[in-house]
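Chain identifiers are assigned alphabetically (A, B, ...) following the order of the sequence lines, protein sequences preceding nucleic acid strands; residue numbering begins at 1 within each chain. What you see is a predicted model, and the numbers here were worked out from it, not measured in a lab.
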Amino acid sequence: MNVFAEFQARIAQILHSFMAEGRLPGDLDLSRFVVEPPRDPSHGDLATNAAMVYAKEAKASFSNPREFATAIAYALAGDPDVDAAEVAGPGFINIRLRAHVFADVLRASLANSDYGRPATPDTKPVNVEYVSANPTGPMHVGHGRGAVFGDALANLLAFAGRKVTREYYINDAGAQVDVLARSAFMRYREALGEAIGEIPEGLYPGDYLKPAGQALAKAHGAALRDKPEAEWLPLVRRFAIDAMMDMIRMDLAAMNIRHDVFFSERSLTDNAERTDAVRAVIEDLRARGIVYVGRLPPPKGQLPDDWEDREQTLFRSTDFGDDVDRALMKSDGSYTYFASDIAYHKSKVDRGFTDMIDVWGADHGGYVKRMQAAVKAVSGGEAALDVKLCQLVKLMRGGEPVTMSKRAGTFVTLRDVVDEVGVDAVRFMMLFRKNDATLEFDLAKVIEQSRENPVFYVQYAHARGRSVMRQAKAAFPDLDLETGTLAGAPLDLLADEGEGALARLIAQYPRQIEAAAAAHEPHRIAFYLHDLASLFHSHWNRGKDQPHLRFVNEERRDLTLARVALVASLTSVLASGLGVLGVGAPEEMR
RNA sequence: GACCCCAUAGCUCAGCCGGAUAGAGCAACUGCCUUCUAAGCAGUAGGUCGCAGGUUCGAAUCCUGCUGGGGUCGCCA
């Protein structure tokens, strides 16, 4: 039950009847106005700007927005859920609802575990691609942000009703996996007892390749050692990629992140069917005249030392909104990364997705336009790509930056951070900021048990709510605290202002979900939960000075029941929202 | 040189599709709190929403220009 959506519909109905009566033009777009909570709660429960939005169109019948608003307010006053509808300011309509509406909301949230989901959800499939860290080493903290963001966004969209496919693109083609293979080969020789000394410049020096080297030695003995590189490389490469992906999958599992599809870049050109999807997509675009052989102007500003003007196979991305055309083939005839990426996104289109979201690191910002151009091109304009860029994470400890250097051995992996502060803290903090703002992550702060630590604050609200329910059970052992039973509680006994405020905020959950899903912004849910927790803590504390406000009242079973129902509704919304974020909702804090 | 992101209270940040007097936490000041789960609660004070224009009945929000910070910039991954 979403009171905002409901009143949106009712007001649209009123406007519709005005249209039928000829008081408004018949072609009004009834989706332009909003119904929202007023900034100042003393104004009422709902506010709408409808009269101002359509003031121009209403001019023939109503001389000014206030007069128009008055007419709408008059119609609203007849609604059995409306206590009062008043015109304010330049033409706002403030609506005060009767108390039973919020009781209905609480009942809905208790009776239905789906509370928060849209009543008429958009069920269109959507493909969310996230993480896509190169399979050349363990995940670092920056990957973690994109991973958590993508996972929470996927959860959010799924909760909002979308059919979500979660996807990971494995960059297992290209030069960096050859470097990986050579690095693993060094570790293989090391495992065979050879003194390899320092890992040469240009190879990956990390210890994480040692197990792969040992496993290679175990599987192949010395058989590979003296073969030419061309013979061992494909084998070692495959082996090392699998080892790295296993490691990454474990890192992801430690963060409770899952994917439905792991899509291999190499499989585009190297597969059992012997097809070349990259070539196919280039030929397809060429046939439509948007691929040509030509030259690009040199980049402005700092010219690369080795700049040479060369003919290349180019994609006419400028036709689709990009700044310059982009290369599809290197001068040696091999495909660019971008070309593979087009083929990959084409596969998404071929699998039926017209709605796709990619989650990238901020350093890939320069690729957004060309990828969106490519998606438009390969789908004939049918599909749209939204790219969410996650800005950098600045890792801190007690206000001091954590220095990171691979060489000095102080490199902090994502796994290190998760092991230190726990998965809930990592996930919540990464979501407690807009994706396009840089994030300061303080390892000391997130394990504090205080108001300053939002993870603790929100989880504690849930634990405290559950505790209240346990207390109620202790006071009235015969009380049935099943949510279904609580839905029948005498909710009209909830007369205190603090209780009303909680109910009103609980009533906002569905619209928060809807707005966050539409904007692809899971952080809004984190902030909403923080607000809800804050309101609950402060109401709970009021009970210290004013015992009559306490949730459990041993003399009043009916009142306790009503208040426990409120608490149960609150904890279920907290648990639901935390679930969307992939953060635990603990029964108690330890 | 171009493109992308950011700029809101002393600090860290919210601000929903343009809406009413721009919000929260920390820090500061004042008072309270030893408990239905403790690690706090209530209040006060604090802002030219980077600058300048524009659109609009109405702009922190949209558009243009500028300033400052970050990121990226042919075949790299």
Participant: Indicate, with a heavy-atom threshold strictly under 4.0 Å, whether A:E448 touches base, sugar-phosphate, or nothing.
Facilitator: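 Answer is nothing: A:E448 stays at 4.0 Å or more from every strand.
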Participant: Would one find a side-chain N or O of A:K544 under 4.0 angstrom from OP1 or OP2 of B:rG40?
Facilitator: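 Answer no for this pair, as no side-chain N or O of A:K544 is under 4.0 Å from OP1 or OP2.
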Participant: Identify, between A:L314 and A:D531, the residue whose nearest nucleotide on RNA chain B lies closer to the 5' end.
Facilitator: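 Of the two residues, A:D531 wins.
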Participant: Measure from NZ or CZ of A:R326 to the centre of the six-membered ring of A:F338 and say whether it is under 6.0 Å with the direction within 45° of the ring axis.
Facilitator: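 Here A:R326 fails the 6.0 Å and 45° test against A:F338.
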Participant: Given the C1' atoms of B:rG23 and B:rG15, what is the spacing between them in whole Å?
Facilitator: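 It works out to 7 Å between them.
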Participant: Between A:L389 and A:R542, which residue's closest nucleotide on RNA chain B lies nearer the 5′ terminus?
Facilitator: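 Looking at RNA chain B, the more 5' nearest nucleotide goes with A:L389.
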Participant: Given the C1' atoms of B:rC26 and B:rA14, what is the spacing between them in whole Å?
Facilitator: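 Each nucleotide's C1' atom is 15 Å from the other's.
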Participant: Take A:L389 and A:D436, measure what side-chain contact (heavy atoms from CB on, under 4.5 Å) needs, and give me the verdict at the end.
Facilitator: CA-CA 6 Å; A:L389 296 178; A:D436 47 14; 5.8 Å; no
Participant: Begin with the C-alpha distance, continue with both residues' side-chain angles, and end with the deciding distance and a verdict on ring pair (Phe, Tyr, Trp, His ring centres under 6.0 Å) for A:Y54 and A:F68.
Facilitator: CA-CA 9 Å; A:Y54 302 113; A:F68 183 26; 7.3 Å; no
Participant: Check for me: is A:H43 stacked on B:rA20 by the 5.5 Å centroid and 30° plane-angle rule?
Facilitator: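 Here the ring of A:H43 and the base of B:rA20 are stacked, with centres under 5.5 Å and planes under 30°.
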Participant: Mark yes or no: A:R370 above the aromatic ring of A:Y367, with NZ or CZ under 6.0 Å from the six-membered ring centre and no more than 45 degrees from the axis.
Facilitator: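 Yes, A:R370 sits over the ring of A:Y367.
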Participant: At under 4.0 Å, does any side-chain N or O of A:Y460 touch on OP1 or OP2 of B:rA38?
Facilitator: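 Yes.
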Participant: Base, sugar-phosphate alone, or nothing: which one does A:M589 contact when heavy atoms must sit under 4.0 Å apart?
Facilitator: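 Contact class for A:M589: base.
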Participant: Kindly compute the distance separating CZ (A:F92) from CE (A:M52), expressed to the nearest 0.5 Å.
Facilitator: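 CE of A:M52 is found 4.0 Å from CZ of A:F92.
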Participant: Which nucleotide in the set B:rC6, B:rC36, B:rC73 lies at the smallest distance from any side-chain heavy atom of A:Q471?
Facilitator: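 Looking only at side-chain atoms, A:Q471 lies closest to B:rC36.
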Participant: Does a side-chain N or O of A:Q391 approach OP1 or OP2 of B:rG71 to a distance below 4.0 Å, or not?
Facilitator: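 Checking B:rG71 against A:Q391, no side-chain N or O comes under 4.0 Å of OP1 or OP2.
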Participant: Would you measure the distance from the P atom in B:rG10 across to the matching atom in B:rG47 and give it in whole Å?
Facilitator: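 7 Å, rounded to whole Å.
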Participant: Could you pull out the closest heavy-atom pair between A:F476 and A:E554, with the gap in Å?
Facilitator: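 Looks like CZ-O, 3.4 Å.
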Participant: On the nucleotide B:rC6, are OP1 or OP2 found under 4.0 Å from the side-chain N or O atoms that A:K434 carries?
Facilitator: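 Indeed not, no polar side-chain atom of A:K434 lies that close.
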Participant: Mind checking A:N453 for me? I need base, sugar-phosphate or nothing, with any heavy atom below 4.0 Å counting as a touch.
Facilitator: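 The answer is nothing, as A:N453 stays clear of every strand by at least 4.0 Å.
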Participant: Pairing of RNA chain B as dot-bracket, 5' to 3': ( ) intra-strand, [ ] crossing, | other strand, . unpaired, with Watson-Crick or G-U pairs under 3.5 Å?
Facilitator: (((((((..((((.....[...)))).(((((.......))))).....(((((..]....))))))))))))....
Participant: Relative to A:Y292, does A:R316 satisfy both conditions: NZ or CZ under 6.0 angstrom from the six-membered ring centre, and within 45 degrees of the ring's axis?
Facilitator: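 Output yes; distance and angle both within limits.
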Participant: NA contact type, A:A47, heavy-atom cut-off 4.0 Å: base, sugar-phosphate, or nothing?
Facilitator: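 Base contact.
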Participant: Show me the protein contacts with nucleotides 16-19 of chain B, counting only N or O atoms at under 3.5 Å.
Facilitator:
{"unit_1": "B:rC16", "atom_1": "O2", "unit_2": "A:R511", "atom_2": "NH1", "d": "3.3"}
{"unit_1": "B:rG19", "atom_1": "N7", "unit_2": "A:N49", "atom_2": "ND2", "d": "3.3"}

Participant: Could you check which of B:rC41, B:rC3, B:rA20 has an atom nearest any side-chain atom of A:N541?
Facilitator: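 Nearest to the side-chain atoms of A:N541, counting from C-beta on, is B:rC41.
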Participant: Which residues, if any, of residues 332-341 of chain A bring a heavy atom under 4.0 Å of RNA chain B?
Facilitator: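 Of all residues in residues 332-341 of chain A, the ones placing a heavy atom under 4.0 Å from RNA chain B are A:T336, A:Y337.
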Participant: Figure out the CZ/C1' separation between A:F536 and B:rC41, and round it to whole Å.
Facilitator: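 The answer, rounded to whole Å, is 15 Å.
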Participant: Verify whether one side chain among A:D325 and A:T318 offers a donor that lies under 3.5 Å from an acceptor in the other.
Facilitator: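 A:D325 vs A:T318: donor-acceptor pair found between side chains.
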Participant: Please round to the nearest 0.5 Å and tell me the distance separating atom CG of A:N171 and atom OG of A:S264.
Facilitator: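 Rounded to the nearest 0.5 Å, the CG-OG separation comes out at 9.5 Å.
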Participant: Can you identify which nucleotide, out of B:rC73, B:rC5, B:rU37, has its nearest atom closest to the A:R464 side chain?
Facilitator: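 The answer is B:rU37, which lies nearest to the side chain.
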Participant: What is the distance, to the nearest angstrom, from the NZ atom on A:K388 to the C1' atom on B:rC5?
Facilitator: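 That distance rounds to 12 Å.
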Participant: Under the ring pair (Phe, Tyr, Trp, His ring centres under 6.0 Å) criterion, do A:F432 and A:H530 qualify, and how do the steps go?
Facilitator: CA-CA 9 Å; A:F432 200 57; A:H530 193 257; 5.3 Å; yes
Participant: Scan side-chain atoms only and decide if A:H345 and A:D358 contain a donor-acceptor pair under the 3.5 Å cut-off.
Facilitator: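 A pair is found: one side chain offers a donor N or O, the other an acceptor, under 3.5 Å apart.
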Participant: Using whole Å, report how far CG of A:N435 lies from P of B:rG71.
Facilitator: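 Roughly 18 Å, once rounded to whole Å.
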Participant: Write down the distance between NE2 (A:H530) and P (B:rG25), rounded to a whole number of angstrom.
Facilitator: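 Spelled out: NE2 on A:H530 to P on B:rG25 is 9 Å.
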Participant: Checking contacts here: which listed nucleotide (B:rG15, B:rU37, B:rC3) is nearest the side-chain heavy atoms of A:R470?
Facilitator: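 The listed nucleotide nearest to A:R470's side chain is B:rU37.
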Participant: For A:R370 and B:rC3, what is the distance between atoms CZ and P respectively, to the nearest whole Å?
Facilitator: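 The answer, rounded to whole Å, is 15 Å.
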Participant: Atom CD in A:Q459, atom CG in A:L529: separation rounded to 0.5 Å?
Facilitator: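 Result: 11.0 Å between the selected atoms.
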Participant: Nearest 0.5 Å please: distance from the CG atom of A:L505 over to the CG atom of A:L532.
Facilitator: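 Reported value, rounded in 0.5 Å steps: 5.0 Å.
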Participant: Check the phosphate of B:rG74 against A:R295, side-chain N and O only, distance under 4.0 Å to OP1 or OP2. Yes or no?
Facilitator: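 No, because none of the side-chain N or O atoms of A:R295 sits under 4.0 Å from OP1 or OP2 of B:rG74.
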Participant: What is the minimum heavy-atom distance between A:A58 and A:L24, and which atoms define it?
Facilitator: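 Nearest pair, atom of A:A58 first, then A:L24: CB-CD2, 3.6 Å.
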Participant: At under 4.0 Å between heavy atoms, what does A:A88 touch on the DNA or RNA strands: base, sugar-phosphate, or nothing?
Facilitator: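 Touches a base.
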Participant: Is A:T438 near enough to B:rC5 that one of its side-chain N or O atoms lies under 4.0 angstrom from OP1 or OP2?
Facilitator: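 Looking at the OP1 and OP2 atoms of B:rC5, neither is under 4.0 Å from any side-chain N or O of A:T438.
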Participant: In whole angstrom, give me the gap between the P atoms of B:rU34 and B:rA7.
Facilitator: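 Comparing P positions in B:rU34 and B:rA7 gives a spacing of 43 Å.
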Participant: Mind calculating the distance between NE2 (A:H539) and P (B:rU37) to the nearest angstrom?
Facilitator: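 It works out to 15 Å between those atoms.
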Participant: Using the P atom on both, measure B:rG65 against B:rG25 and round to a whole Å.
Facilitator: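 Looking at atom P only, B:rG65 and B:rG25 are 39 Å apart.
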Participant: What's the closest nucleotide to the A:K369 side chain, out of B:rU37, B:rC4, B:rG74?
Facilitator: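 It is B:rC4.
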Participant: Rounding to an integer number of angstrom, what distance separates B:rG46 and B:rC5 when you compare their P atoms?
Facilitator: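 My reading of the P atoms in B:rG46 and B:rC5 gives 35 Å.
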Participant: What is the distance from CZ of A:F527 to P of B:rG25, rounded to the nearest Å?
Facilitator: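 Whole-Å distance recorded here is 13 Å.
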Participant: Any chance you could lay out the salt bridge (charged side-chain N to carboxylate O under 4.0 Å, His left out) test for A:K445 and A:E440, step after step, and finish with the verdict?
Facilitator: CA-CA 11 Å; A:K445 191 140 280 178; A:E440 244 177 58; over 6 Å; no
Participant: For the side chain of A:R433, counting heavy atoms from C-beta on, which of B:rA14, B:rC6, B:rG74 is nearest?
Facilitator: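 For the A:R433 side chain, the nearest candidate turns out to be B:rA14.
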Participant: Report which part of the nucleic acid A:R310 touches: base, sugar-phosphate, or nothing (heavy-atom distance under 4.0 Å, all strands).
Facilitator: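 Base, at least one base atom sits under 4.0 Å.
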Participant: Between B:rC51 and B:rG58, how far apart are the two C1' atoms, rounded to whole Å?
Facilitator: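 Here B:rC51 and B:rG58 have their C1' atoms 22 Å from each other.
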Participant: In whole Å, what is the span from the CG atom of A:L296 to the P atom of B:rC3?
Facilitator: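 From A:L296 CG to B:rC3 P: 17 Å.
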Participant: For nucleotides B:rC63 and B:rG40, find the distance between their P atoms and express it as a whole number of Å.
Facilitator: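 It comes out at 42 Å once rounded to the nearest Å.
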